A.B. asks: 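Have a look at this one.
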Amino acid sequence: MSFTPPERIGLYGGAFDPPHTAHHALAACAIQQLQLDVLYVIPTGDAWHKSRTLTPAHHRLAMAKLHFGDLPLAVVDDRELLRQGPSYTIDSLRELADAHPKAGLFLLMGADQAQRFETWKDWMQIAELAQLAVAPRETGDSSGALPYEWHNHGLIRATLLNMPLANVSATDIRSGLEQGSGPAHTLKPSVLQYIQHHHLYMDRHDRSL
Ligand code: ATP
């Protein structure tokens with residue numbers, strides 16, 4: 001009888017508004033380091049923790065497909081965009097756990113999200129269902145590593161992704177695009193073309209880049 005090892009499934013949620021090079025580096029690093037069989041990249045619907053209005057879902061979905069499309073094990077998944085009401089990671093994680101009861105689940109995030117993880121809805125259930133994999137990110141009050149207290153309370157299984165710090169944010173990209181000086185090197189050419197074609201992020205000055 002042959003033994004099939006349990007699947008290793010990653011979940012990577014984000015606004016991806018727009019998706020940038022650090023998102024891609026994080027996904028690629030996690031697939032390799034965690035030896036994932038599949039990584040679900042899940043653009044958030046109505047993200048409860050973002051104060052601004054996000055770019056319409058169909059644009060963010062299309063950009064995510066262009067952006068992550070070259071990673072063979074990454075699947076861009078629209079489940080949160082189809083869900084009514086606020087978007088919660090726990091709901092997607094429960095769905096994946098139900099569909100793959102024997103799988104090992106890994107939840108990917110940057111250190112900025114890790115710092116506030118304990119404010120997430122049902123974070124203890126999330127921590128029971130999934131191991132966390134955290135990418136280093138400068139957060140202002142830390143060097144971007146795992147939150148210190150996680151080492152002590154033992155509730156959270158977490159790994160630090162072994163990737164360099166990347167000083168990139170969607171906020172900076174959006175404001176660069178608005179001002180007509182978009183940091184194009186942090187966007188894939190196909191995503192930049194999509195943005196230009198649909199005149200996204202240029203509402204203050206409608207100009208080409
Ligand atoms: P915004 O600037 O609009 O808040 P963002 O650049 O943080 O956006 P999100 O789509 O909110 O991008 O991020 C999705 C996930 O990717 C989050 O877990 C976030 O922590 C992580 N992430 C984003 N950028 C980086 C980065 N430069 N380094 C490490 N992780 C990142």
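Note that this is a predicted model, so its numbers are computed, not measured. Order of appearance sets the numbers: ligands from 1, and atoms from 1 within every ligand.
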A.B. asks: What residue among Asp77, Ile9, Leu73 forms side-chain contact (heavy atoms from CB on, under 4.5 Å) with Val38?
C.D. replies: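 Answer after filtering Asp77, Ile9, Leu73: Ile9.
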A.B. asks: Just to verify, which of Leu66, Leu192, Val168, Thr21 counts as forming a side-chain contact (heavy atoms from CB on, under 4.5 Å) with Leu187?
C.D. replies: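 Checked Leu66, Leu192, Val168, Thr21 against Leu187; only one passes side-chain contact (heavy atoms from CB on, under 4.5 Å): Leu192.
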A.B. asks: Just which atoms of ligand 1 are under 4.0 Å from any heavy atom in Phe16?
C.D. replies: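 Reading through ligand 1 atom by atom, the close ones are 10 (O).
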A.B. asks: Which atoms of ligand 1 are found less than 4.0 Å from any heavy atom of Gly13?
C.D. replies: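 With Gly13 as reference, the close atoms of ligand 1 come out as 14 (C), 15 (C).
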A.B. asks: Could you tell me which atoms of ligand 1, counted from 1 in the order shown, lie closer than 4.0 angstrom to a heavy atom of Gly14?
C.D. replies: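 It comes down to these atoms of ligand 1: 10 (O), 14 (C).
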A.B. asks: Can you sort out which atoms of ligand 1 are near Thr171, meaning under 4.0 Å from one of its heavy atoms?
C.D. replies: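 Ligand 1 atoms under the 4.0 Å threshold to Thr171: 1 (P), 2 (O), 3 (O), 4 (O).
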A.B. asks: Number the atoms of ligand 1 from 1 as they appear, then name those within less than 4.0 Å of a heavy atom of Leu26, with their elements.
C.D. replies: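 What qualifies from ligand 1 is 30 (N).
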A.B. asks: Kindly say whether the aromatic ring centers of His67 and Phe16 come within a distance under 6.0 Å.
C.D. replies: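 When the ring centroids of His67 and Phe16 are compared, they turn out to be at least 6.0 Å apart.
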A.B. asks: Measure across Glu138 and Leu165 and return the closest heavy-atom pair with its distance rounded to 0.1 Å.
C.D. replies: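 Here Glu138 and Leu165 meet closest at OE2-CD1, 3.4 Å.
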A.B. asks: If you count the atoms of ligand 1 from 1 in the order shown, which ones are under 4.0 Å from a heavy atom of Gln113?
C.D. replies: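 Ligand 1 atoms under the 4.0 Å threshold to Gln113: 17 (C), 18 (O), 20 (O).
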A.B. asks: Determine the interplanar angle of the His24 and Phe68 rings, folded into 0 to 90°, and report it as parallel if under 30°, tilted if 30 to 60°, perpendicular if over 60°.
C.D. replies: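 Parallel.
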A.B. asks: Does the N or O separation between Ala22 and ligand 1 drop below 3.5 Å for any pair?
C.D. replies: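 N/O-N/O distance below 3.5 Å does not exist for this pair.
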A.B. asks: For Leu96 and Arg79, work out which heavy atoms get closest and say how close.
C.D. replies: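 The pair with the smallest heavy-atom distance is CD2-NH2, 3.6 Å.
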A.B. asks: Show, in sequence, the C-alpha distance, side-chain angles and deciding distance for Ser92 and Arg83, and conclude whether the side chain to side chain donor-acceptor pair (under 3.5 Å) test is met.
C.D. replies: CA-CA 10 Å; Ser92 300; Arg83 209 177 279 150; 3.1 Å; yes
A.B. asks: Any atoms of ligand 1 less than 4.0 Å from a non-hydrogen atom of His23? List them with their elements.
C.D. replies: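 By the 4.0 Å cutoff, the relevant atoms are 9 (P), 10 (O), 12 (O), 13 (O), 14 (C), 16 (O), 23 (C).
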A.B. asks: Counting heavy atoms only, which of Ala166, Pro164, Pro136, Ser169 is nearest atom 29 (C) of ligand 1?
C.D. replies: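 The nearest heavy atom belongs to Pro136.
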A.B. asks: Closest by any non-hydrogen atom to atom 28 (N) of ligand 1: pick that one out of Gln115, Met109, Arg174, Arg137.
C.D. replies: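 The nearest heavy atom belongs to Arg137.
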A.B. asks: Short N/O distance, under 3.5 Å, between Leu108 and ligand 1?
C.D. replies: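 Among all N and O atoms of Leu108, none is under 3.5 Å from an N or O of ligand 1.
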A.B. asks: Please compare Asp112, Thr186, Val134 and report which has the shortest non-hydrogen distance to atom 20 (O) of ligand 1.
C.D. replies: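 Looking at heavy atoms only, the winner is Asp112.
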A.B. asks: Considering the heavy atoms of Ala15, write down every atom of ligand 1 situated less than 4.0 Å from one of them.
C.D. replies: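 What qualifies from ligand 1 is 10 (O).
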A.B. asks: Taking all non-hydrogen atoms of both residues, which atom of Leu81 and which atom of Gly45 are closest, and how far apart?
C.D. replies: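 Looks like CD2-CA, 3.9 Å.
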A.B. asks: Could you report the tightest heavy-atom contact between Leu93 and Ala130, atom names first, then the distance?
C.D. replies: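 The answer is CD2-CB, 3.9 Å.
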A.B. asks: Decide whether an N or O pair under 3.5 Å exists between Ala111 and ligand 1.
C.D. replies: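 Min N/O separation from ligand 1 is not below 3.5 Å for Ala111.
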